[in-house]
Amino acid sequence: MVDAAPFDSFSLLGRTALVTGSSRGLGAATARRLARAGCDVVITYRRQETAAQEVAAAVEAAGQRAWVQRCDMGEVDDIDALLVAVADSERGPGWLDIVVANAAATSFRPLLEAEPRHLERTFAISVTGFLRLVQRSMPLLEASGHGRVVAVSGADTVTWIPAHGILAAAKAAMESMVAYLACEVGERGVSVIGVNPGWIDGDSLHLMLGPFYEAAADVERRTHPMRQTMSPDDVAESVVALCTDAARLMSGSVVAADGAGVFAFCGRFITLSAEQALAGGAGVEDTAGAGAAPSVVRGTPPASA
């Protein structure tokens, strides 16, 4: 194993990372970005082996080693088999510095329509599977001397998103585990950090929004504080930053990686509603994208007038 230079807390050179659910979306983007930062990467998939192999090819094209392992994160036996393979220097890297717990799955439906099987599957991945992954990874992470777990949460834990109640509950439980695990494993040289992205312009949103996707993406671009949608590659930058030693004091925290988009949502909605209401109105100037409430948009009378 090649250690990163001890004086460079931002370097990931020579480290090995395991990224669950890394055949597509944020997981795939994170695997590719870790490789560009100097990490070898273990890639996991449940069904999309071809896509996982393509991610592995991208890791290797960046000059790093890649291993591909099938793992259903809802099955404890699969997780155990994955870590056995990772620890075996003939089948995997033989050591591990970083675990990015990214895999998730759920049934999008209102809570009043949820069946026990829908909760069981979601919690099996994001709660039971997450904890098992950390438990089985711990000997390797502890041996590395700078072990890091990054758990990917979601905006549905901090704001209401229709049909996300099951996943939000599971991710909220995972966030609680992040804080508890940080207290339990800190003395063993391992830190645990959560990351909470907002809008990620990827397959999941396309699937969820269907024909409404383009309209929703346009609103996101026009009203987000940074005036853009966030791609998986954008969010992967934040995830990889949290894998460095420089982020170790964030252990136990859940870090927002959404450019203040979730916090700003209420104001964004008010501004958008005002723009639509005032569209074509006399005396209203530069309201589009102004980023201000109606009472402070130039040319708009106060609400009490």
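This chain uses plain numbering: 1 for the first residue, then up along the sequence.
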Problem set entry | Minimum heavy-atom distance G38-Q64, with the two atoms named | O-NE2, 3.1 Å
Exercise. Can a donor-acceptor pair be found between the side chains of T229 and R221 at a distance below 3.5 Å?
Worked result: no
For this session: Take R33 and D233 through the test salt bridge (charged side-chain N to carboxylate O under 4.0 Å, His left out) and record every step on the way to the result.
Result: CA-CA 8 Å; R33 186 63 186 86; D233 288 331; over 6 Å; no
For this session: Spell out, as yes or no, whether a donor-acceptor pair under 3.5 Å connects the side chain of T223 to the backbone of V219.
Result: yes
For this session: Provide the closest heavy-atom pair for G27 versus V19 in the form atom of the first, atom of the second, distance.
Result: O-CG1, 3.7 Å
Problem set entry | Considering all heavy atoms, the nearest G21-T44 contact | N-OG1, 2.9 Å
For this session: Please name the pair of heavy atoms, one in A241 and one in A247, separated by the smallest distance, quoted to 0.1 Å.
Result: O-CB, 3.8 Å
Problem set entry | Distance-minimising heavy-atom pair for I125 and A105 | CD1-CB, 3.6 Å
For this session: Please round to the nearest 0.5 Å and tell me the distance separating atom CZ of R248 and atom OG of S9.
Result: 6.5 Å
For this session: Would you confirm whether H164, through its side chain, and T159, through its main-chain N or O, come within 3.5 Å as a donor-acceptor pair?
Result: no
Exercise. Is a side-chain donor or acceptor of R148 paired with a backbone partner of L242 at a separation under 3.5 angstrom?
Worked result: yes
Problem set entry | Side chain S11, main chain L13, donor-acceptor under 3.5 Å | yes
Exercise. Would R46 and D78 pass as an ion pair if we require N to O under 4.0 Å?
Worked result: no
Exercise. Rounded to the nearest 0.5 Å, what separation is found between the CG atom of L83 and the CZ atom of R132?
Worked result: 9.5 Å
For this session: Ignoring hydrogens and angles, state whether a donor on the side chain of N196 or T157 is under 3.5 Å from an acceptor on the partner side chain.
Result: yes
Exercise. Is there side-chain contact between T30 and V152, with at least one heavy-atom pair below 4.5 Å?
Worked result: no
For this session: Taking the side chain as every heavy atom from C-beta outward, state whether D40 and P93 have any pair of such atoms under 4.5 Å apart.
Result: no
Exercise. If you count the non-hydrogen atoms of other residues, nucleotides and ligands that lie under 6.0 Å from CZ in F263, is the total more than 12?
Worked result: no
Exercise. Minimum heavy-atom separation for V55 to A28, with atom names?
Worked result: CG2-CB, 3.7 Å
Exercise. Should V99 and L140 be regarded as members of a common hydrophobic cluster, given that ILVMFWY residues are connected when their side-chain heavy atoms come within less than 4.5 Å of each other, either directly or indirectly?
Worked result: yes
Problem set entry | Any donor-acceptor N/O pair, T20 side chain to N102 backbone, under 3.5 Å | yes
Exercise. Between S191 and S251, is there a donor-acceptor pair closer than 3.5 Å when you use the side chain of the first and the backbone of the second?
Worked result: no
For this session: Measure the spacing between CD1 of I200 and CG of L26 and express it to the nearest 0.5 Å.
Result: 5.0 Å
Exercise. How long is the gap from CD on Q135 to CZ on F130, to the nearest 0.5 Å?
Worked result: 10.0 Å
For this session: Could you tell me whether R121 and D72 have a side-chain N and a carboxylate O separated by less than 4.0 Å?
Result: yes
Exercise. With no hydrogens and no angle check, is any side-chain donor or acceptor of S144 less than 3.5 Å from a backbone partner on H146?
Worked result: yes
Exercise. So if you build clusters from Ile, Leu, Val, Met, Phe, Trp, Tyr with side-chain heavy-atom gaps below 4.5 Å, do M174 and V262 land together?
Worked result: no
Problem set entry | Side-chain donor/acceptor of T122 to backbone N/O of H118, under 3.5 Å | yes
